[in-house]
Amino acid sequence: MGWLRAISVSELQEKGCAAVLLNGLNVALFHLDGDYFATGNVCTHQFALLTEGHVEDGCVECPLHQGLFDIRTGKAQGSPVTKDIPTYAVKVEDDTLYVDTDLPGQNATITEPEAPKTTTTLSTIVIVGAGQAAGRAAEAMRDAGFGGTICMIGDEASAPYERPPLSKAVLMGAANADASALFSSDRLATLNIDLITNTRVDNLDRKAKVLSLSDGKTVAYDALLLATGARARPLPVPGADLKGVHYLRTLDDATRLKTALEKAQSLVIIGAGFIGLEVASSARHMGKTVTILEREERVMTRVLPETASTIIAQRATAQGVNIHVGVQLEKLSGTGGHVDSVLLANGDSISADLVLVGIGAIPNTELAQEAGLSVRDGIVVDAQGRTSDAHIWAAGDVARYPHARYDGPGRLESWHNAEEQGRCAGRSMIGLPTDYSALPWFWSDQFGGSIQVVGIPQSTNKTALREGTQSEGPAVFCLDENNRLTAVIGFDNPTAISLGRKTIPQQKSIDPAMLTGSSPQPEQNDLEEQESEEMSISNRYRWPDAGAEAIPDWVYTDETIYEREVERIFHGRTWNYVALEAEIPNTGDFVRSNVGPTPVVVVRGENGEINVFENRCAHRAAEFCREKRGNATEFVCPYHQWTYDLEGNLSGVPFRRGVAGKGGMGKDFKPEDHGVKKLFVTTRRGVVFASFAEGMESIEDYMGPEILTDFDAAFDGRKLKILGYYRNTLPGNWKLYHENLKDPYHATLLHTFLVTFGLLVAGNKSEMICDATGRHGTMASAKSDGKKVDEATRKEMRAYREGMGLNEPRFMDFIEEFDSPWSVTMQTIWPNLIVQREMNTLGVRQIVPQGPHSMIMNWTMFGYEGDDEEMTRHRLRQGNLMGPAGFLGLEDNEAIKFVQDGMKHSSGGDHLVALDPDTPTGTSDTLISESAIRGMYQYWRKEMGL
Amino acid sequence: MSVTKIQSIPTKPTAEATLDRLALRLEIEDFNARYCHALDDGDLQSWPDFFTEDGFYSITARENFDDNLPVGLVYCEGRGMMKDRAFAIANTAMFAPRYLRHHLSNTRVIAERADGVIEATTNYIVLQVLHDDPVSTIHQAGYYVDEFCRTETGALLLQKRICVYENLMIPNAVVLPI
Ligand SMILES: Cc1cc2nc3c(=O)[nH]c(=O)nc-3n(C[C@H](O)[C@H](O)[C@H](O)COP(=O)(O)OP(=O)(O)OC[C@H]3O[C@@H](n4cnc5c(N)ncnc54)[C@H](O)[C@@H]3O)c2cc1C
Ligand code: FES
Ligand SMILES: [Fe+2]
């Protein structure tokens, strides 16, 4: 993917932190003590953007539940977050900060869930080879607290380094050897490795657990890692030993090649693999004449399908590289011991100042083989990196491991594999659980572009080509016989690569036409829409294996799911809140309302009954009632004057019989068949509910006894007095509102106000009450009254107040008026009602969903008819707690928005609702619980048939 | 009490009366300019100082105001409650970072009452920029219904300000005073 421009350094310095979108990834940028860092911006607990949070002491605090992450390492700092956020590499050029989202940040450590520390009793671990896998293994051991000896023996002169720059920056003189070092000298020192360079390990005695070195010494081990990598395959033709014939594997090779190349005019490269092509690119950059000779019929036969080969060959040719395929070499010939030409079997001769051989690599397995370990084109290891000897591991280019996703075991020669497998082996050696299953990833920078491969193209795969666009290059998709994506090869096409990363692990069938479609950036959604036609919904939306503790993003973001919710829930067997009776006391009084997203009219009829019908004309669907509220004797659609009575019956159709005997409705037109759609209505204690479903249970049975008790405490028979309305949009999925009020965990964490003002303190009685189905809930707490509070709690309260200096404490007073042990009850009544009794400030909230990503909240605040002026004012003053500007209300709205934001552009995933496993679902008497959310989803899944 | 019902000042005033009226209007505009500066760029904690000790402040929807429904999104009786709000917003509240910018116009003095109280209205638009969203959006559009009085030194102070907004929906949340 390469370096992406993220922000100007001065802007970041000024802001301290900033959120940016890079390749569809939410990335957070930080400026700390003169250094810059990039991390994932999405919290790993639930979904929220970390930059909306708070930075302190090198950590960023999530705004939602105050999860803390170390900005430098991405490490989760403990409950509630256990999973690290990714870190990304950054670099500064001029005034610009660049981020590479495919490279970990310089301080990144392994992203294991808990990063448990080792308890191994091993004392000496020896690593053979001092390359990349070796380095990462040693680092992982130290990171996990291994304090024993780590001895690393390598036959090269340097400490571990990365090879990719050798064929690119190093060759072109753009980077020196230091730039590719795996560790800075400081880091190397803290890792405390006994590094032996320029020394080969010649023999491995497994019985004695001793190695013999080329300098005659021996080294004993308790556990051994073979990270011997691979070496360039020698050219098996006469003349290969002439001067001027080069290979490229090591830093020494690169230095030699660079010097030679500077003097040369023409370069012949034997083998059109990645190394050959990259060197060709660098040499063309330096202005040399470059010819590539390839034995096979196309370039990159070994690892890429033909479609991709064609694109690569085109790119190379366009840059002036001569490529000959299907070439049989005869020999290399030279004068004075130095190569000067390459002779082909067909008699052609190509002159060359210099020859580079890049015909693949041979794994360095000899040591293992001679010691009797299982070897088959690589040292055979299991998913933990262990060889056939329980004390010996292998990793990197040399290891043959079982791919989780592909048929049969194999070896990977890539930076990413060395990196990850090295770490895994390191951890496994010191007794930590690991399972190597990273999705393979490879990149190659050549001819001014970057080729990336995710997954492993299989030789039996068919391929689909997506043409490039103005902004992105082409991409090749590899599919197996079931049309499941196995690999993606992107040519400067990060969209395709990220699609591959997401889709390959899902192992779902995809229509290749969708992948290649002319749309420049086929979204995941398009894919899913297309799939839905082929598979039933329940096949398509599979709940994560983690079960009740996980909620997948599609629950909140998917259009199809939303439509199904409207059909099965809002239009299904539910009682939906529509109004308070106090709003429509007289015949003809009406309010506009909604059932789910569907507009309805709620009107008091002639007989005093309440009618609810759809606000949609039976003629041409016009939403005919336009006033928010009012009084009417009938409803007339403004378009063609069709008239409805207060029950929604069609009472008049202009020109029904036509004019002068012509036109009009047919004889069989019966107005009684053409009223507007009527809903079923019920009320309880002045609250009006409607349902599209016939034969609903009574509202009392619908709520269930657990919920009815507290509902009746708020609607205790006193007549309601409407105090006014708040209305707000909320860019979050409608269920998040329910979840917020089924999540008592957030109350003291998000709403520091509550704690600060002593409204919710340790020792308050509280309960999260659920009905038997799990759909409704009551979050209840009791404010300790000053006299009853125990000494310790009072101290806590006073301490907070002293700190705060509240000027007007009376607005937090609770005047007892309810027959209830609770001073606060927040009730979620499925699917669209919240009953708020926050001490003395009362209200109902109606949720009107607006698609998966947003909702409208309608708040109706009320008191009781007997309230005197002072009591009304008290309710109004206390109203500062709630509503879209309330001390608590605004925070909930913000948090819910953050959650939806977190899902919009992130790499996707599940929400974790695992608190309080002792209560799988339903009522819980601890605040630190998510059992009510789990219960709600158990019900939701049943209703949705998912 | 709807504004349209309030008597407008008589027409054909004397030149002197006109000057007085304009001077008062400018004085209110000047007051409001400082008020808005405190909210947009200044110190939120100084916001209560624009009110008398027992001053009243609320933000409410036109739908409530027209129907005499008393709720306020924010409802402060007295400077103490305003201070508590300013303090809580600055110290305990969690919300996404944002800029707000007030734009005021059409200040109109309605009456100078016998008790010295000046009734006035001013239209407002408040634009909001969230730091992760490239555009300014209209956060609130409405008008102030104000009552000013004078301190002993003659300076204006608000004894009542009702912010009546006409946008039907609050976009997510109102964090800062209007
Ligand atoms: C020129 C070049 C460019 C590359 N570019 C890319 C790229 O762009 N993208 C990408 O993903 N990958 C690239 N790679 C591949 C990547 O660098 C390798 O996959 C990675 O280095 C493998 O790491 P390793 O630790 O397994 O082996 P190595 O890094 O090869 O380390 C093994 C070390 O062990 C030493 N050794 C072997 N046997 C013994 C012994 N008996 N005693 C002592 N020491 C021994 C070797 O000399 C070597 O130093 C490139 C490789 C090369 C050579
Ligand atoms: S701590 Fe971040 S979402 Fe919970
Ligand atoms: Fe809350």
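Below, chains carry the letters A, B, ... as their sequence lines are ordered, and counting in each starts from 1.
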| message | I need the residue from A:I856, A:N858, A:L876, A:L890 with the largest number of non-hydrogen atom pairs under 4.5 Å to chain B. | response | A:L876
| task | Specify which of A:H751, A:K15, A:R877, A:E52 makes the most heavy-atom pairs with chain B at under 4.5 Å. | result | A:R877
| remark: Shortest non-hydrogen pair, A:Y726 vs B:G72, comes out as OH-O, 3.1 Å
| note | In terms of heavy-atom pairs under 4.5 Å with chain A, the winner among B:I170, B:L69, B:V175 is B:I170
| Does B:R85 reach the side chain of A:N880, with side-chain heavy atoms less than 4.5 Å apart? | yes
| said: For A:E869, is the CD atom crowded, meaning more than 12 foreign heavy atoms sit under 6.0 Å from it? | reply: no
| field | A:L21 versus chain B, the contacting section by heavy-atom distance below 4.5 Å | value | neither
| query | Does A:N893 use its side chain to pair, donor to acceptor, with the backbone of B:N172 at less than 3.5 Å? | reply | yes
| note | Heavy atoms of B:F95 and A:F898 approach each other most closely as C-CZ, 4.3 Å
| request: Give a yes or no on whether A:E870 atom CD has more than 12 heavy-atom contacts from other residues, nucleotides or ligands under 6.0 Å away. | output: yes
| query | If you take all heavy atoms of A:A885 and B:V74, which pair is closest and at what distance? | reply | CB-CG2, 3.9 Å
| field | Side-chain (A:Y725) to main-chain (B:A61) donor-acceptor, under 3.5 angstrom | value | no
| field | Greater than 12 external heavy atoms within 6.0 Å of B:E53's CD | value | yes
| chain A contact via B:D67 - side chain, backbone, both or neither, heavy atoms under 4.5 Å | side chain
| Inter- and intrachain pairs under ring-ring contact (aromatic ring centres under 6.0 Å, His included), touching residues 145-178 of chain B, at least two apart | B:F31-B:F148
| request: Output yes when a side-chain donor or acceptor of A:T752 lies under 3.5 Å from a complementary backbone atom of B:T92, and no otherwise. | output: yes
| remark: Residue from B:P97, B:S58, B:G78, B:A93 scoring the most non-hydrogen pairs under 4.5 Å with chain A is B:A93
| task | Of all the heavy-atom pairs spanning B:M94 and A:A895, show the shortest one and how long it is. | result | CE-N, 3.9 Å
| field | Portion of A:K628 that has a non-hydrogen atom of chain B nearer than 4.5 angstrom | value | side chain
| Contact leader toward chain B among A:M861, A:R810, A:R873, A:R629, where contacts are heavy-atom pairs under 4.5 Å | A:R873
| field | CD1/A:I815: more than 12 non-hydrogen atoms of other groups inside 6.0 Å | value | yes
| Donor-acceptor pair, B:N64 side chain versus A:G724 backbone, under 3.5 Å? | no
| remark: Under 4.5 Å to a heavy atom of chain A? For B:E77 that would be both
| field | chain A contact via B:L130 - which portion, at a heavy-atom distance below 4.5 Å | value | side chain
| B:E29, CD atom: more than 12 neighbouring heavy atoms under 6.0 Å | yes
| Is B:K83 salt-bridged to A:E808, cutoff N-O under 4.0 Å? | no
| said: Side chains of B:D132 and A:D901, heavy atoms from C-beta outward: is any pair under 4.5 Å? | reply: yes
| remark: Turns out that what part of A:D892 lies under 4.5 Å from chain B's heavy atoms comes down to neither
| request: Nearest 0.5 Å please: distance from the CZ atom of A:F811 over to the OH atom of B:Y75. | output: 13.5 Å
